[in-house]
Undergrad: 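I'd like to ask some things about the structure below.
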2 protein chains.
Amino acid sequence: MSRSHTHVSEEVTDQACPLVEVIDHVAGKWSISILVAAARGPIRFTELERSIEGISRRMLTLNLRRLERDGLLTRTVHPTVPPKVEYSLTAMARELYSYLTGLVEWAERHRGAIAQARTAYDSKAAAVPQAGQPHP
Amino acid sequence: MSRSHTHVSEEVTDQACPLVEVIDHVAGKWSISILVAAARGPIRFTELERSIEGISRRMLTLNLRRLERDGLLTRTVHPTVPPKVEYSLTAMARELYSYLTGLVEWAERHRGAIAQARTAYDSKAAAVPQAGQPHP
DNA sequence: CCGTATCCGCTCGGATACTG
DNA sequence: CAGTATCCGAGCGGATACGG
């Protein structure tokens, strides 16, 4: 945000493409699901819509466009009737894939532990009258 | 994957803790920065604030609380004056660490390519009058 | 089948001010 | 030092309707 003034001549990419933003796009809530789903091979719009639980059509479209714009997905339109559109990973995205699945597998392994940690945290926060008591 | 029949015991954590939500917390915009920064060893609040470019105090606090609640960070208060609070990764989070750095390194490697892909996409979208023309 | 467009509630998140 | 509290604008995201 408050970037000290860089030379505008060469490194536009540094300004235009902060790491945090790239990661945010790539590791976004739906992006991971989409990329993992598309990793098996070309996949159609409605297949994505059905395979990703809870995503709305709007959010699917928005994420697909953003991933395409970032060069992670290619969109291929087959001029048939009815229309058929397929999305595939680019080389860049295939390289990303293993990190994503690693993340997902980690989340699966620790999902239970996380749920327990939340319960513990919440019950602890609820029962601390001797410290959190604002006297009336 | 989406609709295999779950046992009741798993169903509880499944409801309380959807995979997508876990990933969203863990791979969130600021979460990654925080976890990576805390991986080197116990780190203080202001150290985090200074080392993470662009984060506000509010967002830092919110993310720290959420990570603590999810069992990824431990918060240790040293009863000194002035007060000293340190955050450390839990075992669960240290296991996550390598996937996160993998992601970050990927983002660094391809930051330039992504910036170029965006430029290409935008210029293509701007100059396609023969296909995108909405006839009046 | 594969989207786009519009409305709108709701949350995110920065700015600011105040405590132990 | 390490937060909490409150305000408030921006934009995310669901619902709905429509088009090629």
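Quick note on labels: first sequence line is chain A, next is B, and so on, each numbered from 1.
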Undergrad: With hydrophobic residues grouped by side-chain heavy-atom distances under 4.5 Å, do A:Val77 and A:Leu89 end up in a single group?
TA: yes

Undergrad: Side-chain N or O of B:Arg65 versus OP1/OP2 of D:dG3: is the shortest distance under 4.0 Å?
TA: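 Yes, such a contact exists.
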
Undergrad: Could you give the CG-to-P distance, from B:Asn63 to D:dT4, as a whole number of Å?
TA: 13 Å

Undergrad: Whole angstroms only, please: what is the CZ-C1' distance between A:Arg75 and C:dT4?
TA: 12 Å

Undergrad: Rounded to whole Å, please give me the gap between CD in A:Glu49 and P in C:dC2.
TA: 9 Å

Undergrad: For B:Arg118, is there an ion pair with A:Glu21 - N to carboxylate O distance below 4.0 angstrom?
TA: yes

Undergrad: Quick check: on DNA chain D, is the nucleotide nearest B:Arg58 upstream (toward 5') of the one nearest B:Arg50, or the reverse? Name the residue that is more 5'.
TA: B:Arg50

Undergrad: Atom NZ of A:Lys84 to atom C1' of C:dG3: distance rounded to whole Å?
TA: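 Rounded to whole Å, this separation is 17 Å.
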
Undergrad: Which nucleotide in the list C:dG3, D:dA2, C:dG13 gets nearest to the side chain of B:Met59?
TA: C:dG13

Undergrad: Give the rounded distance in Å between these two atoms: CD of A:Glu68 and P of C:dG3.
TA: 9 Å

Undergrad: In whole angstroms, how far is the C1' atom of C:dG20 from the NE2 atom of B:His78?
TA: 18 Å

Undergrad: For D:dG13, does either OP1 or OP2 sit under 4.0 Å from a side-chain N or O belonging to A:Ser56?
TA: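 It does not, given that no N or O in the side chain of A:Ser56 lies less than 4.0 Å from OP1 or OP2 of D:dG13.
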
Undergrad: Looking at the side chain of B:Arg44, which of C:dT4, C:dA15, D:dA2 is the nearest nucleotide?
TA: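 My answer, after comparing the listed nucleotides, is D:dA2.
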
Undergrad: Quick one: which of C:dC1, D:dC1, C:dG3 gets closest to the side chain of B:Pro83?
TA: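 From the listed options, D:dC1 comes nearest.
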
Undergrad: Looking across every strand, which nucleic acid part, if any, lies under 4.0 Å from B:Arg57 by heavy atom: base, sugar-phosphate, or nothing?
TA: base

Undergrad: Tell me if a side-chain donor or acceptor on B:Arg69 pairs with a main-chain N or O of A:Asp122 at a distance below 3.5 Å.
TA: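 Not confirmed, B:Arg69 side chain does not pair with A:Asp122 backbone.
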
Undergrad: For the pair B:Asp24 (side chain) and B:Val20 (backbone), establish whether a donor and an acceptor sit closer than 3.5 Å, ignoring hydrogens and angles.
TA: no

Undergrad: For the hydrophobic clusters of this structure (ILVMFWY residues joined by side-chain heavy atoms under 4.5 Å, transitively), does one cluster hold both B:Leu100 and B:Leu60?
TA: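 Same cluster: B:Leu100 reaches B:Leu60 through Ile, Leu, Val, Met, Phe, Trp or Tyr contacts under 4.5 Å.
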
Undergrad: Which nucleotide sits closest to the side chain of A:Pro82: C:dG3, D:dA2, C:dC1?
TA: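 The nucleotide sitting nearest to the side chain is C:dC1.
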
Undergrad: Atom CG of A:Leu48 to atom P of C:dC2: distance rounded to whole Å?
TA: 10 Å

Undergrad: Taking only the side-chain heavy atoms of A:Thr61 (C-beta and beyond), determine which of D:dC1, C:dG3, D:dG3 contains the nearest atom.
TA: C:dG3

Undergrad: Taking only side-chain N and O atoms of A:Tyr87, does any of them lie within less than 4.0 angstrom of OP1 or OP2 on C:dC2?
TA: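 A:Tyr87 to C:dC2 OP1/OP2: no side-chain N or O under 4.0 Å.
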
Undergrad: Provide, to the nearest angstrom, the distance between the CG atom belonging to A:Leu60 and the C1' atom belonging to C:dC1.
TA: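 Rounded to whole Å, this separation is 13 Å.
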
